[in-house]
**Q** 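Structure provided below as structure tokens; questions to follow.
So that the names make sense, note that chain A is the first sequence line, chain B the second, and so on, each numbered from 1. FYI, side chains are in, hydrogens and waters are out, and symmetry mates aren't considered; it's all heavy atoms of this structure.
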Amino acid sequence: MLVNLCGPPGAPIFLVGEAPGEEEDRIGLPFQGRAGTVLNILLAQAGIARNTCLIKNVAKLRPQANKISHFFFDSQCTNPKPELVEWIEELRQEIVSNKPNVVVAMGATALWALTGEKKISKFRGYVMESTLVPGQKVFATYHPQAVGYDWKLAFYVIMDFVKAKYHSGFPQLPVSKTHPKEAMIEEFITYLEWLVASPEIEKVAFDLETTSPGCHPSVIGFAHSKSEGVSFRLLMNGYPTIPEREELLLWQAVARVLAQKKCIIQSALFDASVMLQHLHIYVRKLVMDTLIGAHVCWPECPRDLGFLASICLDTAPWKHTSKEDQVIYNCLDAINDVGIEEFLWKEIARQGVEKTFNFEMSEIEPAIYMQLRGLKINEEERVRLLEKANTDVADTGAALKLLTGRDINFNAPKQIQQLLYIDLGFPVQYHRRKSVEEERKISVDAKALKMLSIKFPKDPVFNLVLAHKRAIKLRSFFKIKLSPEGRVHSSFNVTGSSEKAEGKDEGEGQKSFSRWSSSKSIILPYGNGNLYNIPPQARKMYVADKGKVLVQADYVQAEAVVVAYLINDTRLKRLFKDRFNAAPEDKEKYDVHRTTASMMFGVAEAEVTPELRKIGKTLRHACNYSAGPMVLATRLNCEMADAKKFLQSYHNMCPQLQLWYGRVQEELRKTRTLTNLLGRKHRFLGRFDDELFRSAYAYNPQSTVGDLLNASMVSAYRFYKMDIWLTLYDAIYIQCSPTETAEAKETLRSVMLRPLTYNYETFTIDVDFKVGENWGEMTTL
DNA sequence: GATTTTACGTA
DNA sequence: CGTACGTAAAATCT
């Protein structure tokens with residue numbers, strides 16, 4: 001059936017797709033079936049009502065095998081057959097007669113028909129002029145069908161629709177009018193002085209390019225409007241471009257600007273850290289870190305400037321110029337950051353996320369402080385531990401050589417596969433697959449080895465390989481380079497996962513549930529990099545500064561408490577409340593896992609053996625995140641059937657949990673948005689499947705605890721000037737003089753005991769304290 | 001030489 | 001079909 005244009009005549013938005021599918025063909029309307037559902041979701045998320053848009057496809061008939069190439073003579077789809085030419089002419093007339101403010105080309109075919117361009121990934125997010133209807137504003141994005149195949153694209157398309165909605169307000173094509181400028185030294189200083197002397201300029205954007213290694217500034221740039229900025233080159237091929245005397249004048253002028261003007265930076269944790277580390281200039285009036293603004297508004301999106309510009313601005317692409325002209329590139333970064341900042345303020349207000357934004361901004365200063373100060377390492381201890389680790393690796397390695405008669409690299413999965421599955425002929429173990437169509441992948445990871453050791457309990461090879469691999473892994477934590485001051489550093493990422501962590505698992509894109517992440521510092525590249533995965537055995541070498549001790553304050557059973565309130569488990573709420581109110585010496589009486597086991601197996605608390613308690617603990621943990629029997633079986637080292645029985649009895653004991661799963665799903669279906677107990681929102685845009693749901697179950701407990709901890713840390717830093725040593729998911733470590741530990745404990749208690757409210761009920765997560773000279777050996781305080 | 005895969009450490 | 005994060009080294013691609 002022919003599918004015609006539909007929607008109100010004269011509508012400001014005109015959506016153009018590719019060709020009708022099966023459903024459209026039957027009904028005679030565009031975007032009906034799956035692609036239609038996806039389009040509805042995307043439009044709704046962007047705040048566009050579908051019935052206010054004109055919608056049609058380039059082709060009016062369903063092509064054979066749903067392949068658009070059917071309407072072309074060539075496979076590249078550039079030489080259309082007469083019927084398609086006719087349809088495109090009809091499209092032209094419809095655009096002319098309806099005069100939409102913006103035509104949205106969805107997918108490559110629409111883009112080609114409207115503009116003659118082919119590459120949708122290159123042009124998405126950018127405004128173009130139509131070649132089909134000269135003067136007509138066209139805006140390109142992916143086809144909803146593409147989103148159906150790859151949900152990562154949903155983020156882009158929604159943002160694009162938001163921009164299209166803005167462009168539907170007026171018909172004019174934007175004119176690019178940025179004026180980046182490279183200045184000589186006198187000119188640059190004059191510019192900086194002019195900035196200081198101009199009261200009408202309240203805010204400036206600031207950006208640095210730096211050399212690697214060491215991150216010394218090589219280009220510095222400021223922008224004072226969405227179109228104008230000036231940059232200056234400090235280093236040319238590693239050598240200064242100006243004499244020291246002039247450089248001093250330059251930095252003095254920079255310091256004056258940064259002291260007096262409000263400042264916009266993309267990623268202040270980098271730029272402001274570099275300024276503090278190398279120039280001792282602190283950016284005091286940071287009003288907007290655009291990285292944080294973007295994270296708060298769109299936590300699931302990429303946050304680099306190129307992406308943000310495609311969402312927020314009508315500027316021409318400039319990121320590709322970074323190699324050609326670093327100075328102009330730097331200047332465009334600063335100029336465009338001004339425009340992005342303006343856009344973000346509106347978006348923050350529109351979404352009502354000011355509180356979360358201010359909160360995240362307040363984390364910047366302590367994070368900069370922590371990453372530049374670093375952690376002291378006890379070098380003698382490190383050497384001792386390394387030697388011990390070397391011995392362990394040598395011992396297990398020698399035993400393996402003796403046992404197998406081979407000398408192989410146990411860091412190489414291929415070699416272990418050869419040894420176990422070919423040379424020794426053991427049954428091949430595979431990774432779990434997400435679906436049956438997926439290819440089976442051979443595995444020699446810890447899980448596979450454990451499985452084999454259960455199947456062949458008499459053969460020592462598996463446990464030996466496991467021990468050897470563990471020893472190698474542990475040793476890697478001691479093979480680190482220290483700074484000249486004997487310290488290690490890391491860079492903290494307030495907005496969660498780093499933007500380049502793209503290729504991990506296909507599907508979702510950035511997640512970031514308000515916990516920080518830790519990674520290798522490029523400013524001070526010493527130590528392991530990630531401070532959030534140091535095993536307990538390696539923590540002994542991390543020590544407080546001279547004359548100080550560490551005080552650890554950690555939230556007790558934090559996520560389990562949040563879950564108890566979310567699902568309204570009265571028994572558990574009582575338990576946590578009682579523990580909270582109990583005298584310190586009585587606290588250990590209140591043990592969630594023992595209670596869990598006692599309920600599950602119907603035995604008195606006193607009768608719960610350590611084995612039963614372990615089952616209770618594992619079950620609670622696994623169920624809070626909706627784990628399956630398979631995982632449970634490997635975790636508990638038991639049969640699948642037993643794992644299923646355990647799950648059943650857990651859910652019998654605690655039916656509220658599954659009711660809560662249902663409520664979360666309902667909420668997702670309604671708004672696709674969850675809000676944690678501190679008001680932070682997160683959109684879940686993936687396909688409605690178990691993966692999405694599990695991620696959603698984890699969101700509230702995980703992000704609430706993350707925000708709670710960070711709020712406490714900021715308050716300890718800001719109002720009590722505490723020396724924050726490290727934060728770690730649910731613990732704050734501070735360092736202080738050994739005589740001040742009792743005082744520190746009380747202060748930490750006062751900032752950390754923050755009431756949370758859910759469903760008109762208020763509760764507080766308890767805090768435990770420890771003290772010690774090093775991170776590995778701490779005792780109750 | 002750059003990118004992807006595999007494995008494994010933390011809460 | 002726990003979630004979230006990062007890094008090292010091997011394997012693979014170009």
**Q** Could you please name the option among B/dC8, C/dC5, B/dA11 that lies closest to any side-chain atom of A/Ser517?
**A**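 Of the candidates, C/dC5 comes closest.
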**Q** Hey, is the side chain of A/Arg515 poking within less than 4.0 Å of OP1 or OP2 on C/dC5, counting only N and O atoms?
**A**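 No, because none of the side-chain N or O atoms of A/Arg515 sits under 4.0 Å from OP1 or OP2 of C/dC5.
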**Q** Distance check: side-chain N/O of A/His431 vs OP1/OP2 of B/dA7, anything under 4.0 Å?
**A**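 Result: yes.
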**Q** The side chain of A/Ala698 is closest to which nucleotide in this list: C/dA10, C/dT3, B/dA11?
**A**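 Looking only at side-chain atoms, A/Ala698 lies closest to C/dT3.
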**Q** Determine the contact category for A/Pro536: base if any of its heavy atoms lies under 4.0 Å from a base atom, sugar-phosphate if only primed atoms, P, OP1 or OP2 are that close, otherwise nothing.
**A**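 Sugar-phosphate, no base atom in range.
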**Q** For the residue pair A/Tyr697 and A/Phe693, does the interplanar ring angle fall in the parallel (under 30°), tilted (30 to 60°) or perpendicular (over 60°) class?
**A**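 Because their plane-to-plane angle is under 30°, the rings of A/Tyr697 and A/Phe693 count as parallel.
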**Q** Does A/Ser519 make a side-chain N or O approach to OP1 or OP2 of C/dG6 shorter than 4.0 Å?
**A**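 No, no such contact exists.
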**Q** The side chain of A/Lys473 is closest to which nucleotide in this list: C/dA4, B/dT10, B/dC8?
**A**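 Per side-chain heavy atoms of A/Lys473, the pick is B/dC8.
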**Q** Report the distance from atom OH of A/Tyr421 to atom P of B/dT6, rounded to the nearest whole Å.
**A**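 It works out to 13 Å between those atoms.
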**Q** Expressed in angstrom and rounded to an integer, what is the separation of A/Leu474 atom CG from C/dT7 atom P?
**A**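 Going from A/Leu474 (CG) to C/dT7 (P), I get 19 Å.
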**Q** Considering every strand and a 4.0 Å limit on heavy-atom distances, what is the contact class for A/Lys414: base, sugar-phosphate, or nothing?
**A**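 Here A/Lys414 touches the backbone only, sparing every base.
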**Q** With a 4.0 Å cut-off on heavy atoms, is A/Asp690 in touch with a base, just the backbone sugar-phosphate, or nothing at all?
**A**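 Answer is base: heavy atoms of A/Asp690 come under 4.0 Å of a base.
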**Q** What is the separation between atom NZ on A/Lys479 and atom P on B/dG9, rounded to the nearest whole Å?
**A**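 Whole-Å distance recorded here is 15 Å.
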**Q** Could you please name the option among C/dA8, B/dC8, B/dG9 that lies closest to any side-chain atom of A/Lys469?
**A**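 The closest nucleotide is B/dC8.
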**Q** What's the NZ-C1' distance between A/Lys450 and B/dC8, to the nearest Å?
**A**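 Going from NZ in A/Lys450 over to C1' in B/dC8 covers 14 Å.
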**Q** Can you tell if the side chain of A/Lys479 reaches within under 4.5 Å of the side chain of A/Leu386, non-hydrogen atoms only?
**A**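 The answer is yes, as the side chains (C-beta and beyond) meet within the 4.5 Å cut-off.
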**Q** Taking the side chain from A/Arg694 and the backbone from A/Ala627, do they hold a donor-acceptor pair closer than 3.5 Å?
**A**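 Not at all, since once roles are kept as given, no pair shorter than 3.5 Å links the two residues.
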**Q** Atom CG of A/Asn528 to atom P of B/dG9: distance rounded to whole Å?
**A**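 Spelled out: CG on A/Asn528 to P on B/dG9 is 13 Å.
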**Q** Less than 4.0 angstrom between a side-chain N/O of A/Lys520 and OP1 or OP2 of C/dT7, yes or no?
**A**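 Answer no for this pair, as no side-chain N or O of A/Lys520 is under 4.0 Å from OP1 or OP2.
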**Q** Mind checking if A/Gly628 touches a base, just sugar-phosphate, or nothing, with heavy atoms under 4.0 Å?
**A**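 Result for A/Gly628 = sugar-phosphate.
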**Q** Please find out if less than 6.0 Å separates the ring center of A/Phe763 from that of A/Tyr565.
**A**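 Yes - the distance between ring centres of A/Phe763 and A/Tyr565 falls below the 6.0 Å cut-off.
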**Q** Validate the cation-pi geometry between A/Arg440 and A/Tyr430: distance from NZ or CZ to the six-membered ring centre under 6.0 Å, angle to the ring axis within 45°.
**A**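 The answer is yes, since A/Arg440 meets both limits relative to A/Tyr430.
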**Q** The side chain of A/Asn530 is closest to which nucleotide in this list: B/dA7, C/dG6, C/dC1?
**A**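 The answer is C/dG6, which lies nearest to the side chain.
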**Q** Within the pair A/Ser695 and C/dA4, is there a side-chain N or O less than 4.0 Å away from OP1 or OP2?
**A**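 Affirmative; the distance criterion is met.
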**Q** Whole-Å distance between B/dT6 P and A/Lys447 NZ?
**A**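 Result: 14 Å.
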**Q** Round to a whole Å and report the spacing from CH2 of A/Trp516 to C1' of C/dG6.
**A**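 Computing the A/Trp516:CH2 to C/dG6:C1' distance gives 16 Å.
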**Q** A/Phe688 ring centre to A/Arg672 NZ or CZ under 6.0 Å, with the angle to the axis within 45°?
**A**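 Here A/Arg672 passes the 6.0 Å and 45° test against A/Phe688.
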**Q** Which nucleotide in the list B/dG9, B/dA7, B/dA11 gets nearest to the side chain of A/Ser443?
**A**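 The listed nucleotide nearest to A/Ser443's side chain is B/dA7.
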**Q** Any idea which of B/dA11, B/dC8, C/dT3 is nearest the A/Ala446 side chain?
**A**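 Output: B/dC8.
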**Q** Searching all strands shown, indicate the nucleotide that pairs with C/dC1 (Watson-Crick or G-U wobble; both distances under 3.5 Å).
**A**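 Looking at the geometry, C/dC1 pairs with no nucleotide.
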**Q** Base, sugar-phosphate, or nothing for A/Asn624, non-hydrogen atoms under 4.0 angstrom?
**A**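 Nothing: the residue A/Asn624, judged by heavy atoms under 4.0 Å, touches no strand.
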**Q** Ignoring the backbone of A/Asn411, work out which of C/dA9, B/dC8, C/dT3 is nearest its side chain.
**A**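 Of all the options, the side chain of A/Asn411 is nearest to C/dA9.
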**Q** To the nearest Å, give me how far apart CG (A/Asn533) and P (C/dC5) are.
**A**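 Checked: the CG to P distance equals 14 Å.
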**Q** Nearest-nucleotide wise, let me know which of A/Tyr532 and A/Gly527 is further upstream toward the 5' end of DNA chain C.
**A**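 Upstream on the strand: A/Tyr532.
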**Q** Where the side chain of A/Val444 is defined as all heavy atoms beyond and including C-beta, which of C/dA10, B/dA7, C/dG6 is the nearest nucleotide?
**A**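 Out of C/dA10, B/dA7, C/dG6, the nucleotide with an atom closest to A/Val444's side chain is B/dA7.
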**Q** Could you walk me through whether A/Phe456 and A/Phe426 satisfy the ring-ring contact (aromatic ring centres under 6.0 Å, His included) test, starting with their C-alpha distance in whole Å, then the side-chain angles of each, then the deciding distance to 0.1 Å, before giving a yes or no?
**A** CA-CA 9 Å; A/Phe456 303 93; A/Phe426 287 109; 5.0 Å; yes
**Q** Regarding A/Ser518, tell me which of base, sugar-phosphate or nothing describes its non-hydrogen contacts under 4.0 Å with the strands shown.
**A**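 The residue A/Ser518 makes sugar-phosphate contact but no base contact.
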